[in-house]
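Residue numbering restarts at 1 for every chain, and letters A, B, ... go by the order of the sequence lines. Keep in mind that what you see is a predicted model, and the values were worked out from it rather than measured.
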Protein chains: 2
Amino acid sequence: MDELDSAIVRHLQRDARQTNRDLARALGIAPSTCLERIRALRARGVITGYHAAVDPAALNRHVQALIHFQIRPLSRAVIEAFKTYAAGLPEVSTVYVVTGGDDMIVHVSAPSVDHLHGFLMDKFTARREVVGFRTSVIYQHTHNQVLEPLAP
Amino acid sequence: MDELDSAIVRHLQRDARQTNRDLARALGIAPSTCLERIRALRARGVITGYHAAVDPAALNRHVQALIHFQIRPLSRAVIEAFKTYAAGLPEVSTVYVVTGGDDMIVHVSAPSVDHLHGFLMDKFTARREVVGFRTSVIYQHTHNQVLEPLAP
DNA sequence: TGATCGACCGAATGTAATTCGGCAGCGGCG
DNA sequence: CGCCGCTGCCGAATTACATTCGGTCGATCA
């Protein structure tokens, strides 16, 4: 994980579809070298995949929210089951299992506030392990695509 | 945005680096058709980019957390300034501006709990607009890479 | 029914990914 | 001190792919 690897990772986080040649040219190395580095990064698990980013609104998801759940009992089995359940719902994009006042935070997106409300009522209120939840509608969000390695 | 477009988006969310030929073959269409569809999806803003996903641990980010902020005064200028400030910090990956008990939720990752603590103390406690914040350490998180279009 | 338009196809061309033999630098070891 | 083996890099050759473009088909509408 030297400076060259960092640069490759940085570039591919920004644009995963630039050609290997262009990337190699930008870094001042041979395409074959670049290719081998990228393969090593994948093999080592540094790069885990390549994904297209999609505008949620184009997928009829105009409302996003973070839902904060309190779950009881707080056993491994219950947490695991709820996590799996939530992650399987199409409205859910991310499930966080967390410390603090809440036990689970779920990022959801829905076509409308109505849909969101119905979704929450239908999918969560009936579940026994859910003792309560709060909804934080997302007004804006900025996502930092490029993660740099941090110094220890 | 017909079924074919949806399928293309689904495939590219899963793997943005599969060749156009493979994708076309999987969908049973000609590569040229596939290419034109993808271009249209980009032009329409459905697909906004292609990004490599990176293991945070490989970038020395072993601890992740969601930080819940209360901000005052709740003016547009203050919110905007804080959002910009937070998004510019290397530890921050996402900033959510939200409704509810909190005004802003920030996803951060750091090398260690110590680093996280120092980071929070150094970067946020001194700021006037921050009247309080709570930290939720993330134990696990599952990210759903593939967003499907939702029916209205 | 005939014209027009849009979407798709497939061959042709240019460009890129990938392979592989060789070379240079480096560290270990006699 | 010199030799040996290893590792990472390079560049030409091969293979595969992206991209273009002229033609075809089917739907739509007058």
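- Taking atom CZ of residue B:R21 and atom C1' of nucleotide D:dC17, one finds them 6 Å apart after rounding to whole Å.
- Contacts between residues 25-50 of chain B and DNA chain D, counted as heavy-atom distances below 4.0 Å, involve B:S32, B:L35, B:R39.
- Looking at B:R44 and A:D55, no side-chain N of the basic residue comes within less than 4.0 Å of a carboxylate O on the acidic one, giving no salt bridge.
- Take the nearest nucleotide of DNA chain C for B:L4 and for B:R17: the residue whose nucleotide is more 5' is B:L4.
- B:Q64 and B:H107 form a side-chain donor-acceptor contact under 3.5 Å, judged by distance and modelled atom types alone.
- Closest of all the heavy-atom pairs between B:H143 and A:T94 is ND1-OG1, 2.9 Å.
- Using a 4.0 Å cutoff to heavy atoms of chain B, the contacted part of DNA chain C runs 5' to 3' from C:dC8 to C:dG10.
- Salt bridge absent: A:D5 and A:R10 never bring a charged side-chain N and a carboxylate O closer than 4.0 Å.
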Salt bridge (Lys or Arg N to Asp or Glu O under 4.0 Å) for B:E36 and B:R39? Distances and angles first, verdict last.
CA-CA 5 Å; B:E36 192 165 342; B:R39 247 188 281 190; over 6 Å; no
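- Ring planes of B:F69 and B:F133: tilted class, angle from 30 to 60°.
- Taking the six-membered ring where the residue is Trp, A:F82 and A:F124 present tilted rings, their angle falling between 30° and 60°.
- B:N60 places no side-chain N or O within donor-acceptor distance of the main-chain N or O of A:P149, the cut-off being under 3.5 Å.
- Between the CG atom of A:N20 and the P atom of D:dC10 there is a distance of 12 Å, given to the nearest Å.
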